S.K.: 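Before I ask anything, let me first share the structure, which is written out below as structure tokens.
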Amino acid sequence: MNKCCEVKANREVIKEDISTQVNGGVEFKVSARKEKCTSCGGIHYVMDAEPLILKMKENG
Amino acid sequence: MATPTKFETFVTDMAAGTHVNALNAQTDTLKTSLCLTSPSASLDSLFADLPTETTGTGYTAGGEDALNTAATASGTITVGSSGNPSWTAGAGDWDDFRYVTLYNSTVAGGPLIMYWDYGSTVSLGNGETFTVNVTTNYFTVL
């Protein structure tokens, strides 16, 4: 990746991949994106990864 | 954001202490790998169970270091990241992919933890990059 691509201000979103996923019976909107560096034209795909939360259920 | 799907065996592995060194001592290396076909949360338990892994110039078999960090707090455990795993295609020979899997590459067999769905197929061209933006952390046990 070029140095210019690491500058957030140089990143232009050229395509958003938005879809619906079902996880545990609940629908989620998924947003991932294709970005272009306005300086060098480099193409970058980015997926925002949501954390997994495991809950130990208590009695009662 | 891409929501994670946990592999069912991850819960039993946690209870069995399979990931103890990843959780406490940070001596286990977690990795992220790419594939085109959806993994099975109920049937897949080890790395070898996953669908065919992506190949291409700049992609190392087994995937990329997840840069995991370990942190424990009172009553909770959080495994975070010191950076975002990413790949740069060194040529236009990459297989398409869509799913990102997190697994423990230090433990024998590579027990699976969870996967994310990008939402559509990615065709990575020469010089293009793919980044997993770890928004907060990989997982928390409450």
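Chain identifiers are assigned alphabetically (A, B, ...) following the order of the sequence lines, protein sequences preceding nucleic acid strands; residue numbering begins at 1 within each chain. What you see is a predicted model, and the numbers here were worked out from it, not measured in a lab.
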S.K.: Does one hydrophobic cluster hold both A:Met56 and B:Tyr138, with members joined at side-chain heavy-atom distances below 4.5 Å?
M.R.: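 Yes: a chain of side-chain contacts under 4.5 Å links A:Met56 to B:Tyr138.
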S.K.: Which pairs of donor and acceptor atoms, one on a side chain in residues 36-46 of chain A, lie under 3.5 Å apart (sequence neighbours left out)?
M.R.:
residue: A:Thr38; atom: OG1; partner: A:Asn10; partner atom: O; Å: 3.1
residue: A:His44; atom: ND1; partner: B:Thr129; partner atom: OG1; Å: 2.5

S.K.: Looking only at heavy atoms, what is the nearest atom pair of B:Thr88 and A:Met1, with distance?
M.R.: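 In this case the closest contact between B:Thr88 and A:Met1 is OG1-N, 4.2 Å.
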S.K.: Checking heavy atoms, do the side chain of B:Ser123, its backbone, both or neither come under 4.5 Å from chain A?
M.R.: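 It is the backbone, since no side chain atom gets that close.
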S.K.: Report the distance from atom CG of A:Leu54 to atom OG1 of B:Thr76, rounding to the nearest 0.5 Å.
M.R.: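 Interatomic distance, A:Leu54 CG to B:Thr76 OG1, rounded to 0.5 Å: 12.0 Å.
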S.K.: Applying a strict under-4.5 Å side-chain criterion to I, L, V, M, F, W and Y, I'd like to know whether B:Val100 and B:Leu50 cluster together.
M.R.: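 No, it is not one cluster - the side chains of B:Val100 and B:Leu50 are not joined through contacts under 4.5 Å.
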S.K.: Which region of B:Phe130, side chain (C-beta onward) or backbone (N, CA, C, O), has a non-hydrogen atom less than 4.5 Å from a non-hydrogen atom of chain A, or is it both or neither?
M.R.: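 For B:Phe130, the contact with chain A is made by backbone and side chain together.
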S.K.: Hydrophobic clustering (ILVMFWY, side-chain heavy atoms < 4.5 Å, transitive) - are B:Leu102 and B:Phe10 grouped together?
M.R.: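 Same cluster: B:Phe10 reaches B:Leu102 through Ile, Leu, Val, Met, Phe, Trp or Tyr contacts under 4.5 Å.
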S.K.: Search all heavy atoms of A:Pro51 against all heavy atoms of B:Pro4 and return the closest pair with its distance.
M.R.: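 Here A:Pro51 and B:Pro4 meet closest at O-CG, 3.5 Å.
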S.K.: Do B:Leu30 and B:Leu34 share a hydrophobic cluster (ILVMFWY, side-chain heavy atoms under 4.5 Å, transitive)?
M.R.: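 In one cluster: yes.
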S.K.: Quick one: closest heavy-atom pair of B:Tyr118 and A:Lys34, and the distance?
M.R.: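 Nearest pair, atom of B:Tyr118 first, then A:Lys34: OH-N, 4.1 Å.
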S.K.: Please report the shortest heavy-atom distance between B:Thr135 and A:Glu50, naming the atom on each side.
M.R.: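 Closest approach of B:Thr135 to A:Glu50: OG1-CA, 4.1 Å.
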S.K.: Which bit of B:Val79 comes within less than 4.5 Å of chain A, counting heavy atoms only: side chain, backbone, both or neither?
M.R.: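 Neither; nothing under 4.5 Å.
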S.K.: So, taking the atom named CG in A:Asp48 and the one named CH2 in B:Trp116, what distance separates them when rounded to the nearest 0.5 Å?
M.R.: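 Atom-to-atom, A:Asp48:CG and B:Trp116:CH2 are 11.5 Å apart.
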S.K.: Which heavy atom of B:Val132 sits nearest to which heavy atom of A:Ala49, and what is that distance?
M.R.: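 Shortest heavy-atom separation between B:Val132 and A:Ala49 comes out as CG1-CB, 3.8 Å.
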S.K.: Please determine whether residues B:Val107 and B:Phe47 belong to a single hydrophobic cluster, defined as Ile, Leu, Val, Met, Phe, Trp and Tyr linked transitively by side-chain heavy-atom distances below 4.5 Å.
M.R.: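 No, because B:Val107 and B:Phe47 fall into different hydrophobic clusters, even though each may have its own neighbours under 4.5 Å.
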